[in-house]
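Everything on this sheet refers to the single structure shown next.
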There are 2 protein chains.
Amino acid sequence: MTDAKAPPRKRAPSKRSLETRARILDAAEVLFARGGFDGASMRDIAAAAGVPVALVNFHGGAKEDLFATIVARRADALSQRRLAALAAAKERQSAPGLREVLDCFIRPYIDLARAGGPQWTAYARLIAHVSADERWRPISERYFDPTAAMFMAELARLFPAAAPCRIAGAFVFSISAMLSLATSRWRIEAMAGLPHGGNGGIDDWADVLIDFSEGGFRSVMAGA
Amino acid sequence: MTDAKAPPRKRAPSKRSLETRARILDAAEVLFARGGFDGASMRDIAAAAGVPVALVNFHGGAKEDLFATIVARRADALSQRRLAALAAAKERQSAPGLREVLDCFIRPYIDLARAGGPQWTAYARLIAHVSADERWRPISERYFDPTAAMFMAELARLFPAAAPCRIAGAFVFSISAMLSLATSRWRIEAMAGLPHGGNGGIDDWADVLIDFSEGGFRSVMAGA
DNA sequence: GTCTATATGTAGATAGAC
DNA sequence: GTCTATCTACATATAGAC
């Protein structure tokens, strides 16, 4: 019963094919994360994966499709971590507070970017590119907005008297600060007077960021 | 005494030449702001300015030089507004508080982006591109870091016991939130349930943003 | 200073042999 | 599935007439 749909039936791909495909997607993820869609060419990706250019098109399709595939590949895993954390928080206390809600959204991202391996580190940067460029709005809407809307609903529950615009503003400010850890930690370290490559900074920024977001939120809600 | 240096002496350019140059720089500013360095071609810029491609090279030089010129063109004006605001704040009270310092940094940017005309609106987006891409780090260091360092010093004065890393982190979070207003206001409005093009949102975000940054700062400083 | 025409490189994508 | 060779489009940049 595993067939009987998906018109152009296909056989299971060989093991080597799967490995090739994985190498290509991993290379594309790293290069797209570094320079965005325009900052990496199909040839760069092929070279990084150690395959001819034609194979990148064969496994990834057109460049835009490849990009969308890369974004989609880990989107569910991230969303599920966030939603699972939210569900767990609701089990502990029927109405989780602001800090708990923000924690459920932010910490999975930081944890995966920091300790999920190099591909997750790249993926975190990739999300920053997708979020910053309105050109990828359809991708955001498909893969990230549903989860964001769930958290937006929690925030609206916590501040029933606040204008949605202010809640959404504070939430987007928090998300921007979160993404800046993927793209601009070098700037933080430079500004703090730390040496270029040296890892003299904070290892796990999650708590600092959640402090910042919570304080920012409360301040905006109080000011309304 | 206005000559006697700059080896290849030049005459004052004609009025028409200056207008052409201005049209090219304005067009480049808008297009670079929309799509970043890679998102606009020299042909796009020439077409938007209504001139042949060769004129873009003539007035702007190579593409990277043109980009740097565009960033440089308004950098001083922005810095001077910020530093003038800071100086004025120091005249009112010898040691301005956190909110005043953040206001001096954030409000000039928001005001110019909102009411400085379409070129300043574009420039605000352009700064977001420059800040997000480490490739432009030399440009940032030259045109934006000196002013940022001045404000960093004020913040360090306000929180002498805090680790520089935490101050810098909170400052970069604030800057990221600020820049998100240039790149992601559509996302705020979408998340708040507002229609696509309709301007049903907040007109002047400066106070909301400064509330957020101040609250975030105090929260991070308290958590240390 | 401005224009036309062009040199030169590189991009994405595919055809067709294996 | 994989590879070589190639097609087509468009990029940056400049030469040289006006």
Side-chain angles (χ1 to χ4, degrees), chain A residues 6 8-71 129 133 135-136 139, chain B residues 6 8-71 129 133 135-136 139:
Chain A
R9 297 295 344 289
K10 285 182 186 176
R11 279 207 319 290
S14 73
K15 184 180 175 186
R16 174 159 174 242
S17 169
L18 286 174
E19 285 171 357
T20 302
R21 182 185 148 91
R23 276 219 318 286
I24 290 170
L25 294 186
D26 285 353
E29 191 168 53
V30 169
L31 293 186
F32 281 143
R34 185 173 313 166
F37 181 80
D38 297 310
S41 72
M42 297 293 271
R43 299 178 132 79
D44 294 336
I45 294 166
V51 301
V53 214
L55 268 193
V56 180
N57 278 290
F58 181 81
H59 286 285
K63 192 184 181 186
E64 294 213 353
D65 295 333
L66 172 60
F67 188 78
T69 299
I70 298 297
V71 176
H129 278 112
D133 194 340
R135 165 191 195 182
W136 307 118
I139 293 183
Chain B
R9 297 292 345 287
K10 285 183 186 175
R11 278 208 320 290
S14 73
K15 185 180 177 186
R16 176 163 173 239
S17 169
L18 286 174
E19 285 171 357
T20 303
R21 183 185 149 91
R23 276 220 317 285
I24 290 170
L25 294 186
D26 285 353
E29 189 168 53
V30 169
L31 293 186
F32 281 143
R34 187 172 311 168
F37 181 79
D38 297 311
S41 73
M42 297 292 270
R43 298 176 126 77
D44 294 337
I45 294 166
V51 301
V53 215
L55 269 194
V56 180
N57 278 290
F58 180 81
H59 286 285
K63 193 184 179 184
E64 295 214 351
D65 295 333
L66 172 60
F67 188 78
T69 299
I70 298 296
V71 177
H129 278 111
D133 195 339
R135 163 191 196 181
W136 306 119
I139 292 184

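As the structure is a prediction and not an experimental result, all values here were calculated from the model. Both backbone and side-chain heavy atoms feed into the values below; hydrogens, waters and symmetry mates do not. Note on naming: letters A, B, ... go to the chains in the order of the sequence lines (proteins, then strands), and numbering restarts at 1 for each one.
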- Listed in order of residue number, which residues of residues 16-36 of chain B have a non-hydrogen atom at under 4.0 Å from DNA chain C? B:Arg16, B:Ser17, B:Thr20
- Nearest heavy atoms of B:Asn57 and B:Ala62, plus distance in Å: OD1-CA, 4.4 Å
- Task: Check whether any side-chain nitrogen or oxygen of B:Asn57 sits under 4.0 Å from OP1 or OP2 of D:dA13, and answer yes or no.
- Result: yes
- Query: Of A:His59 and B:Glu64, whose closest DNA chain D nucleotide lies nearer the 5' terminus?
  - Reply: A:His59
- Note on the structure: Residue pairs passing the salt bridge (Lys or Arg N to Asp or Glu O under 4.0 Å) test with at least one member in residues 54-70 of chain B, sequence neighbours excluded, are none
- Restricting to pairs with a member in residues 17-29 of chain B, which pass side chain to side chain donor-acceptor pair (under 3.5 Å), not counting sequence neighbours? B:Asp26-B:Arg73, B:Glu29-B:Arg73, B:Glu29-B:Arg74, B:Glu29-B:Gln119
- Pairwise side chain to side chain donor-acceptor pair (under 3.5 Å) hits with a residue in residues 40-54 of chain A, at least two apart: A:Ser41-A:Asp44
- Report the residues that fulfil side-chain contact (heavy atoms from CB on, under 4.5 Å) with B:Ala28, sequence neighbours left out, ordered by chain and then residue number. B:Phe32, B:Ile45, B:Leu66, B:Ile70
- Write down the distance between CZ (A:Phe58) and P (D:dC3), rounded to a whole number of angstrom. 12 Å
- How close do B:Ala27 and B:Ala48 get, heavy atom to heavy atom, and via which atoms? CB-CB, 3.9 Å
- Strictly below 4.0 Å, heavy-atom distances to any atom of DNA chain D: list the hits from residues 39-55 of chain A, or just say none. A:Pro52, A:Ala54, A:Leu55
- Query: The side chain of A:Ala62 lies closest to which of these nucleotides: C:dT2, D:dA13, C:dA13?
  - Reply: C:dA13
- Could you give the CG-to-C1' distance, from B:Asp65 to D:dA13, as a whole number of Å? 12 Å
- May I have the distance from B:Asp38 (atom CG) to D:dC10 (atom P), rounded to whole angstrom? 18 Å
- Query: Looking at CG of B:Asp38 and CZ of B:Phe67, how far apart are the two atoms once the value is rounded to the nearest 0.5 Å?
  - Reply: 9.0 Å
- Message: Can you tell me how far apart CZ (B:Phe58) and CD1 (B:Ile24) are? Round to the nearest 0.5 Å.
- Response: 9.5 Å
